[in-house]
Amino acid sequence: MADESCAHIRGLETVIQPQQHVCEECVKSGSHWVHLRTCQTCGLTHCCDSSPNRHATKHAKSAGHPVVASAEPGERWLYCYPHDAFADY
Ligand SMILES: [Zn+2]
Ligand SMILES: [Zn+2]
Ligand SMILES: [Zn+2]
């Protein structure tokens, strides 16, 4: 991992891939999303900060799960919320 990543990102042994390409919170409420992020602690997939509901950020803060991976096809990067750190993988 790159040096600018944080201990959370460096501590990941494998990157959890999304189980499904939907935000399940948006599906429940009938909303829509722009991009998807997969939580690297519990594997749930939620919508990004460009989406109206920002479920990935809400999940990270409420559940205390720090790191997400992009769930977009062809994108291979991780982001840590508490450290505001990005890393490619
Ligand atoms: Zn971190
Ligand atoms: Zn959502
Ligand atoms: Zn989580």
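Excluded from the calculations below are hydrogen atoms, water molecules and symmetry mates; all remaining heavy atoms, backbone and side chain alike, are included. Indexing begins at 1, ligand by ligand and atom by atom, following the structure's order. What you see is a predicted model; the values in this text were computed from it and never measured.
- Here Cys23 reaches the Zn ion (ligand 2): one of its N/O/S atoms is less than 2.8 Å from the metal.
- Counting only residues at least two apart or in different chains, ring-ring contact (aromatic ring centres under 6.0 Å, His included) contacts with residues 21-40 are absent.
- The shortest distance between side-chain heavy atoms of Thr38 and Val68 does not fall below 4.5 Å.
- Nearest heavy atom pair, residue Ser50 against residue Val34, reads O-CG2, 3.3 Å.
- The main-chain N or O of Ser5 is found under 3.5 Å from a side-chain atom of Arg10 such that the two form a donor-acceptor pair.
- The N, O or S atom of His65 with the smallest distance to the Zn ion (ligand 3) is ND1.
- Here the protein contributes Cys6 SG, His8 ND1, Cys80 SG, His83 ND1 as N, O or S atoms under 2.8 Å from the Zn ion (ligand 1).
- The aromatic rings of Trp77 and Phe86 lie perpendicular to each other, with more than 60° between the two planes, well past the 30° mark.
- Of the candidates His59, Lys58, Arg37, Arg54, His59 is the only one forming a side chain to side chain contact (heavy atoms under 4.5 Å, CB included) with His46.
- The closest approach of His59 to the Zn ion (ligand 3), by N/O/S atoms, is made by NE2.
- With respect to the Zn ion (ligand 2), His55 has ND1 as its nearest N, O or S atom.
- Hydrophobic cluster membership differs between Val22 and Leu44, with clusters built from Ile, Leu, Val, Met, Phe, Trp and Tyr side chains linked at under 4.5 angstrom.
- When side chains are defined from C-beta on, Arg76 does not count as touching Ser70, because their heavy atoms never get closer than 4.5 Å.
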